[in-house]
Amino acid sequence: MYSLDEVTASAPAKVILFGEHFVVYGEPAIVLAIDKRAYASVKMRNDSKIYINSTDLGIAGYFEKNRFISEHGDQNAELKLKPIKNAIQKVLERVRKSVGVNVEIHSHIPVAAGLGSSAAVVAAVTKATSHLLDIGLSKEEIASITLESERLVHGTSSGIDPTITTYGGVLLFRKGKGFMQIDVKEDMPLIIGNTEIERSTGELVSIVRQRREKYPSIINPLIKAGGKIALKAVNALENHNFTVLGELMNINHALLYALGVSNSQLEKLVYAAREDGAYGAKLTGAGGGGCMIALSPPERTKQIAEAIEKAGGKAFAVKKSEEGVRIEN
Ligand code: PMV
């Protein structure tokens with residue numbers, strides 16, 4: 001027991017290829033882990049404090065007996081660190097010991113951009129802490145601890161982020177029903193365009209809920225159509241049919257626009273990518289800012305990234321990551 005001084009784990013970011021928002025209403029969605037990761041290093045303390053430092057977020061502080069003492073950061077520091085603390089407590093409950101830990105977070109994932117940064121951090125912390133304490137947690141347990149810890153702070157969510165960051169790869173996901181791995185052999189040239197407009201997933205989910213309550217007979221068929229797109233895309237992904245995938249991405253984006261979650265900056269980036277030869281482009285995640293994705297012909301990735309930058313976005317190419325949460329040392 002406790003033979004390791006410090007354990008580092010990492011977990012990947014994600015992009016939703018198809019089905020964000022529709023997934024909240026039970027429709028299937030397709031999500032892909034990408035090659036940007038969050039890292040968490042955990043070591044034991046001599047006291048019972050849970051001390052967390054995130055240089056990227058510029059916040060640090062510790063929890064002791066459920067009180068939070070901030071060392072630096074804004075007034076939201078506690079809210080931002082709470083899911084991490086919740087996850088650690090859930091792991092510590094398993095050893096039934098009151099031990100303290102030091103946690104250092106480093107992340108290469110943009111925050112509040114729809115790329116699943118917060119779930120990746122929590123999954124990495126959960127994995128590192130359990131490894132440090134020599135508790136073997138299954139992937140299922142890590143995904144469930146990550147989901148519960150996030151829900152305590154952010155309210156309900158479909159669970160798509162905790163699942164993909166834990167398992168990696170490409171998944172067909174259904175809320176409350178689990179997932180199916182999709183076998184995508186070829187790499188897909190994907191470019192992310194970040195509007196750098198921060199937004200809250202909860203607010204966007206409630207915009208959709210209100211629109212659905214006001215116009216159920218119009219919005220419900222759109223949600224159903226969103227689910228059909230995801231199912232059709234499985235086949236196109238397995239057969240690397242980029243033309244069909246691009247068209248399905250465009251239809252998916254149009255439905256999200258109708259749901260009220262696009263905005264002018266996302267539209268600019270989506271159109272810039274399409275006009276420069278992308279097979280298709282759509283917002284990804286909750287919308288209202290955050291990121292869009294474009295599926296590019298392999299020889300056009302540079303031009304499409306430049307077009308997105310010219311339209312005011314921050315563009316970067318990503319690859320899929322087969323590996324979910326993992327130990328680094
Ligand atoms: O937090 P984001 O931007 O990755 O959005 C999550 C996807 C939604 O479908 C909008 C919400 C959910 O819980 O699935």
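Numbers here simply count residues along the sequence, with the first being 1. Both ligands and their constituent atoms are indexed starting at 1 by order of listing. Note that the structure is a prediction, hence the values are computed from the model and not measured.
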Tell me: protein heavy atom nearest [atom], and distance?
atom: atom 5 (O) of ligand 1; result: Ala286 N, 3.3 Å
atom: atom 9 (O) of ligand 1; result: His21 N, 2.9 Å
atom: atom 6 (C) of ligand 1; result: Thr201 CG2, 4.0 Å
atom: atom 7 (C) of ligand 1; result: Ile16 CD1, 3.7 Å

Going by the atom numbers of ligand 1, which of them fall below 4.0 Å from some non-hydrogen atom of [X]?
X: Ser158; value: 12 (C), 13 (O), 14 (O)
X: Glu20; value: 9 (O)
X: Gly114; value: 2 (P), 3 (O), 4 (O)
X: Val23; value: 9 (O), 14 (O)

Under 6.0 Å between the ring centres of Phe179 and Phe173?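 No, the ring of Phe179 stays outside the 6.0 Å limit from the ring of Phe173, centre to centre.
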Heavy-atom contacts under 4.0 Å between [X] and ligand 1: side chain, backbone, both, or neither?
X: Arg199; value: side chain
X: Lys14; value: side chain
X: Asp161; value: side chain

Heavy atoms of other groups near [X] [atom1], more than 12 under 6.0 Å:
X: Tyr271; atom1: OH; value: no
X: Lys82; atom1: NZ; value: no
X: Glu71; atom1: CD; value: yes
X: Lys175; atom1: NZ; value: yes

For ligand 1, find out whether one of its N or O atoms is nearer than 3.5 Å to an N or O atom of Ser157. no
Under a single-linkage definition using a 4.5 Å side-chain heavy-atom cutoff for Ile, Leu, Val, Met, Phe, Trp and Tyr, are Tyr215 and Tyr25 assigned to the same hydrophobic cluster? yes
Does the side chain of Glu267 pick up a donor-acceptor pair with the side chain of Ser262 at under 3.5 Å?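 A donor-acceptor contact under 3.5 Å links the two side chains.
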Do we see a donor-acceptor contact under 3.5 Å between the side chains of Glu328 and Ser10?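 A pair is found: one side chain offers a donor N or O, the other an acceptor, under 3.5 Å apart.
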